[in-house]
Amino acid sequence: MAYIKCKNLVLGYEGTIVAENINFEVNRGDYLCIVGENGAGKTTLMKTLLGLTPPMGGEFVRGEGLNAHETGYLPQQTVVQRDFPASVWEIVLSGTLSSCGKRPFFGKEQKALAEKNMRRMDIWELKKECYRRLSGGQQQRVLLARALCASSKLLVLDEPVTGLDPKVTVEFYQLIKKLNEEGLTIIMVSHDVSSAIKYASHILHIEKERSFTGTTKEYLKSDFWRELGGAV
Amino acid sequence: MMNDNTIAGMLQYYLAYPFVRYALIVGALIALCSSLLGVTLVLKRFSYIGDGLSHVAFGALAVASLFNLTNNMFIVMPVTVTAAVLLLRTGQNTRLHGDAAIAMVSVGALAIGYLVMNLFSTSANISGDVCSTLFGSTLILTLTRAEVVLCVIMSAVVVAIFVFLYNRIFAVTFDENFAQATGVRAKMYNTLIAVVTAVIIVLAMNLAGSLLVSALIIFPALSAMRVINSFKGVVIYSAVISVFCALAGIVLSILFSTPVGSTIVAADIVVFLGNCFAGRIIKN
């Protein structure tokens, strides 16, 4: 049984179908990149994976002990967050909410988890800093630490390198690679196909009516890759 | 009778009256509650919902006065709460649609309210009535003991809700999708925030009038955001600012016979400018 298994998945919202015939599975330790044109349903697929939007048809099953709320999510930055007055500590700690159950406040356990992941992301020194004053790369590390607090199994990343400068982008990909090697399963929605084939173990390429899923090696031999121009 | 003419002496003289003490208690509590919610509303870009709701409350108050009830709250409160829930729902679908819906509802409620007041009012001084509903009246100085007790209970409930749900409210305010993905019921909290906002606006209308009430909600939060860098700090500082401005405004309005609501808002503006200035200095 895989972490996530989708069979003939139909995606859409408010009654409009965005993409159909999506079949794939995600196993423990995979590094899956979801690529495709704008409007092909990447974002909708991600929302379905997170349980925010229910699928319009087909099967979507979680397995191997992956609970519904055990997904760490790294969203795209919103306008609201750009000038949000919050300390790094407050933001990372909020990632541990799902382990609080019905208790209203954070306990020792949550604080220890937050500290561990901040050290892991090398941002412990920024603890008291204001989020809005950080650089783009630092902000991503903060959000990544928060996502790690929410799950030690699966990370879902939405276009994580958008707006980062080239040097920080490379560092970020290295960081994700390291997390993957430490045992985390990664699902990344990306525009950046060349980095996707460089780092990912599996590729899911979605279009409106068909989709490709397989290992990166298989992808490089597929029609989908050839139609993109073949070589990047 | 007044013993001496200094400001302190006058203050002492007024404080001897229970209605002045009631006004200060209620004013401080309403200011406290509105500032707590204000931080979330401003950060979630919901400030305009507060403004729209206060106009709805005005319309509801005008219609309610037709029925000659002993307490208008039985109509005003449910109508405003319903409007809050509906406005929030339209606001979530698409941005533009939500904006237009709020503009429509708030202007519509104002017009209908004024129309109803003109058509059916038995009062000899309609424009006086309208003016006091819009800009606040001396109503705050005529509170009964029962009204004060009601306000104390309501405020205690609001503060308790806020404290117990603080961590979840932070999560939903900072990142609704993330919160929802990790199992926080974001929609439920949004509705709760809207309902509590409606309740506070109706309570605060007595203090500042329906046109000025959203100032009580947004100014303290905006002031605090200029200088403080953590969410908890912003919440605490904005509560301090809000209570201070409300008390100062009420006292000044008694001493210099100015309108209560606008004096409080003027105090809020002064504090806001001060904090903007302080924020600039800190940055450099």
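If you're wondering where the values come from, they're calculated on a predicted model, not measured in any experiment. Reminder, nothing fancy here: chain letters follow the sequence lines and each chain counts from 1.
Heavy-atom pairs under 4.5 Å with chain A peak, among B/Leu165, B/Thr173, B/Val39, at B/Thr173. Annotation: maximal heavy-atom pairing with chain B below 4.5 Å, among A/Arg133, A/Arg146, A/Gln81, occurs at A/Arg146. Of the listed residues (A/Cys130, A/Ala150, A/Pro85), the greatest number of heavy-atom pairs within a distance under 4.5 Å of chain B belongs to A/Pro85. Chain B forms more heavy-atom pairs under 4.5 Å with one residue of A/Leu93, A/Asp83, A/Val156, A/Val88 than with any other, namely A/Asp83. No other option in A/Ala86, A/Gly95, A/Ser151, A/Ser87 has as many heavy-atom pairs under 4.5 Å with chain B as A/Ala86. Of the listed residues (B/Asp175, B/Val234, B/Val184), the one with the most heavy-atom contacts under 4.5 Å to chain A is B/Asp175. Each of B/Ala224, B/Gly183, B/Gly233 has some count of heavy-atom pairs under 4.5 Å with chain A, and the biggest count is that of B/Gly183.
Environment of NZ in A/Lys127: crowded, with over 12 heavy atoms of neighbouring residues, nucleotides or ligands closer than 6.0 Å. For NZ of B/Lys232, the number of neighbouring non-hydrogen atoms (other residues, nucleotides, ligands) closer than 6.0 Å is 12 at most. In this structure, B/Arg185 places its CZ atom where only 12 or fewer heavy-atom neighbours from other residues, nucleotides or ligands lie under 6.0 Å away. Within 6.0 Å of CD in A/Glu109 there are 12 or fewer heavy atoms belonging to other residues, nucleotides or ligands. Within a 6.0 Å sphere centred on NZ of A/Lys177, other residues, nucleotides and ligands contribute 12 heavy atoms or fewer. Annotation for A/Glu37: atom CD does not count as buried by contact number, only 12 or fewer foreign heavy atoms lying within 6.0 Å. Heavy-atom contacts from other residues, nucleotides or ligands closer than 6.0 Å to CZ of B/Phe244 number 12 or fewer.
Using a 4.5 Å heavy-atom threshold, the side chains of A/Arg132 and B/Asn229 count as touching. Side-chain contact between B/Arg168 and A/Cys100 is present, with heavy atoms from C-beta onward closer than 4.5 Å.
Contact of B/Leu43 with chain A is made through backbone and side chain together, with heavy-atom distances under 4.5 Å. For B/Val163, the parts lying under 4.5 angstrom from a heavy atom of chain A are both the backbone and the side chain. No part of A/Leu74 comes within reach of chain B, as not one of its non-hydrogen atoms sits under 4.5 angstrom from that chain.
The distance from the CZ atom of A/Phe105 to the OH atom of B/Tyr166 is 10.5 Å, given to the nearest 0.5 Å. For the atom pair A/Glu90 CD and B/Phe170 CZ, the distance stands at 5.0 Å (nearest 0.5 Å). Atoms CZ and CG, on B/Phe178 and A/Leu52 in that order, are 11.0 Å from each other to the nearest 0.5 Å. Of the inter-residue distances, the one linking B/Asn177 atom CG with A/Met46 atom CE reads 7.5 Å to the nearest 0.5 angstrom.
B/Phe174 and A/Tyr131 have perpendicular rings, their planes meeting at more than 60° on a 0 to 90° scale where under 30° would count as parallel.
Closest approach of A/Ser98 and B/Thr182 over heavy atoms only: CB-O, 3.1 Å.
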